[in-house]
Student: 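Dropping the structure in here first, questions after.
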Amino acid sequence: MKNIPVVMIIFGGSGDLAHRKLYPALFNLYEQGLIHDNFAVIGTARRPWSHEYLREQVGDAVHETHDQVNENDLKDFASHFYYQSHDVTNVEHYVTLKKLAQELDDRYCAHGNRLFYMAMAPRFFGTIATHINDQHLTGSGFNRIVVEKPFGHDLASAEELNKEITASFDEDDIFRIDHYLGKEMVQNIMPMRFSNPLIKNIWSSEYIKNIQVTLAERLGVEARGGYYDTSGALRDMVQNHIFQIITLLAMPEPKDIASTSIHQAKQDLLNSLIIPSPEDVKKDFVRGQYLGSDTTFAYKQEPNVDPNSMTETFVAGKVKFKKGPIAGVPIYFRTGKEFKEKKNRIDIVLKHINNPYGQAHSNNITIEIDPTSKIYITINGKKIDVPGIRREDLTYAFSKEEMAKVPDGYERLLHDVFVNDSTNFTHWSELKRYWEFIDAVEEAWQIENKSDNPNVVQYLPYRMGPKEANNIFESPTEHWIYE
Ligand code: NAD
């Protein structure tokens, strides 16, 4: 693998994301030789850490995520890390940071290449981008920026942030990261759809009755109540992860697998996204909040959550497109906290056909993303000893050994940033459409919140979310496949 020269600056170097995801992923890329001799990483945060202390943290992060570590490699890897105490709101601190980046560039022959990673609370993204620009932090080689989610709070704030970032970076150099796009089974959607005649030929509104996307979490808001209460499930999960998955499921076939062709296919689809009216939102969407149990708080009682909060910890809804292979097919989604289990899955429900056996089951295709990775198709066959039809699953799965080789989403996506492959990142034009949809739903809810009867339903924790989510289907023959 080619050794990429670069100085990487991580804003939020003492944070949870850096520790749990970025440092282990960088170590794996180092072990593969992608970043090796000519790289340095500057971790920044406000705390007065030393280089040595950051290196210890990096070592701990690698040990916590790896069963076996080559200690010599780890020592050498960690020696490329430098810490700079830095308050992102203080302009002068960028001058010091620039100086250190230049020194390290010279020492490691990094060819003026810079990679900036915003691993901080989103309210700081605009400030950082502005100061990278006005303090001229960019180098003379490539300059790339990775922006964590959420990218904005609504369309207006996303546009503002985009303006601040594009002042210093070209669209092609902005990597809006969504770690779901690094997941094995999400990356498997396109090959599955386009390389199997069996599947490709039925991927149309003629055969598909509906698609269902479920991203269920077992956990509640935990310590993030203050932040979550300003966001909610729609912004936190639908605007990014669910929409990315839906786009991969509904997009037309790209002419090839080049990044530009894939993004073009996505954009063609998204141009035909139907934005829901307030009436549609009333009819097709359900929002809810979890109740408490003997041992857990109700959402409204969680620390730092407004006791009168209307913020949803669950949302179910419907998406439709006017164009694409499954134009007009309802795509139902639901996501929420305190479900009975963590489960990310997609169910593609095929239409029934008339047949001489009468009670055949529908042929569903299920893609399980987490916690297991597999695809299965339910098919009908004859019962062995009595007349009638039985149902079996044809399963595409990985062995334990294969699963152990699957890289973490962050490792995959960081690799893509280093090699400048933006296939699995969100383009601005896509993000804009997602926000237009989300804003329409949020606005309808705001109007409803001011009415006499705002409908935020309460649901029992550790089950399947609110029963009202069973009422969003277009026809009485539809229901959630995963129950
Ligand atoms: P965190 O709160 O753990 O870390 C934030 C970092 O910012 C810390 O290093 C903190 O010291 C630093 N910081 C805060 N104020 C600062 C200031 N004024 N100047 C300089 N540094 C300052 O947050 P996190 O969980 O690491 O999340 C970071 C980003 O990653 C967020 O956008 C989040 O949405 C996203 N993200 C996190 C995860 C995860 O697993 N943690 C997963 C997906 C996305």
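Excluded from the calculations below are hydrogen atoms, water molecules and symmetry mates; all remaining heavy atoms, backbone and side chain alike, are included. Every number for a ligand or one of its atoms is a count from 1 in the order of the listing. For reference, positions follow the sequence shown, starting with 1.
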Student: Establish, yes or no, whether the cationic atom of Arg144 lies under 6.0 Å from the six-membered ring centre of Phe142 and within 45° of the ring axis.
Tutor: yes

Student: Can you tell which of Lys21, Met120, Met118, His19 gets a heavy atom nearest to atom 16 (C) of ligand 1?
Tutor: Met120

Student: Which of the numbered atoms in ligand 1 are below 4.0 angstrom from a heavy atom of Pro122?
Tutor: 32 (O)

Student: Which option out of Thr89, Leu22, Leu17 puts a heavy atom nearest to atom 37 (C) of ligand 1?
Tutor: Leu17

Student: How are the rings of Tyr94 and Phe11 set relative to one another: parallel (under 30°), tilted (30 to 60°) or perpendicular (over 60°)?
Tutor: tilted

Student: Test of understanding: given a 4.0 Å heavy-atom threshold, classify the contact between Phe124 and ligand 1 as side chain, backbone, both, or neither.
Tutor: side chain

Student: Using a 3.5 Å cut-off on N or O atoms only, is Ser14 in polar contact with ligand 1?
Tutor: yes

Student: Between Glu148 and ligand 1, find which residue part has any heavy-atom pair under 4.0 Å and reply side chain, backbone, both or neither.
Tutor: side chain

Student: Show me which atoms of ligand 1 lie under 4.0 Å from any heavy atom of Gly12.
Tutor: 6 (C), 7 (O), 9 (O)

Student: Check each of Asp178, Val147, Asp16 against atom 41 (N) of ligand 1 and report the one with the nearest heavy atom.
Tutor: Asp16

Student: Using side-chain hydrogen bond (donor to acceptor under 3.5 Å, both in side chains) as the criterion, point out the one residue from Thr313, Thr311, Asp306 that pairs with Ser309.
Tutor: Thr311

Student: What atoms of ligand 1 come closer than 4.0 angstrom to any heavy atom of Tyr410?
Tutor: 42 (C), 43 (C), 44 (C)

Student: Output yes when a side-chain donor or acceptor of Tyr396 lies under 3.5 Å from a complementary backbone atom of Ile367, and no otherwise.
Tutor: no

Student: Would you call the rings of Phe27 and Tyr30 parallel, tilted or perpendicular, where under 30° means parallel and over 60° means perpendicular?
Tutor: parallel

Student: List every atom of ligand 1 that sits less than 4.0 Å from any heavy atom of Ala119, numbering the atoms from 1 in the order shown and giving each element.
Tutor: 28 (C), 29 (C)

Student: With a 4.0 Å cut-off on heavy atoms, is Asp87 touching ligand 1?
Tutor: yes

Student: Of all the atoms in ligand 1, which lie at a distance below 4.0 Å from a heavy atom belonging to Arg20?
Tutor: 39 (C), 40 (O), 41 (N)

Student: Using a strict 4.0 Å cut-off to heavy atoms of Ala45, name the atoms of ligand 1 that fall inside it.
Tutor: 9 (O), 11 (O), 21 (N)

Student: When you look for heavy atoms under 4.0 Å from ligand 1, do you find them on the side chain of Phe125, its backbone, both, or neither?
Tutor: side chain

Student: Determine, for Arg433 against Glu436, whether the closest basic-nitrogen to carboxylate-oxygen distance falls under 4.0 angstrom.
Tutor: yes

Student: Would a 4.5 Å heavy-atom cut-off, applied to side chains only, mark Asp105 and Arg114 as touching?
Tutor: yes

Student: Describe, in one word, how the ring planes of His241 and His179 are oriented to each other, choosing from parallel (under 30°), tilted (30 to 60°) and perpendicular (over 60°).
Tutor: perpendicular

Student: For Lys149, take its heavy atoms, then give the atoms of ligand 1 lying under 4.0 Å from any of them.
Tutor: 31 (C), 32 (O), 33 (C), 34 (O), 35 (C)

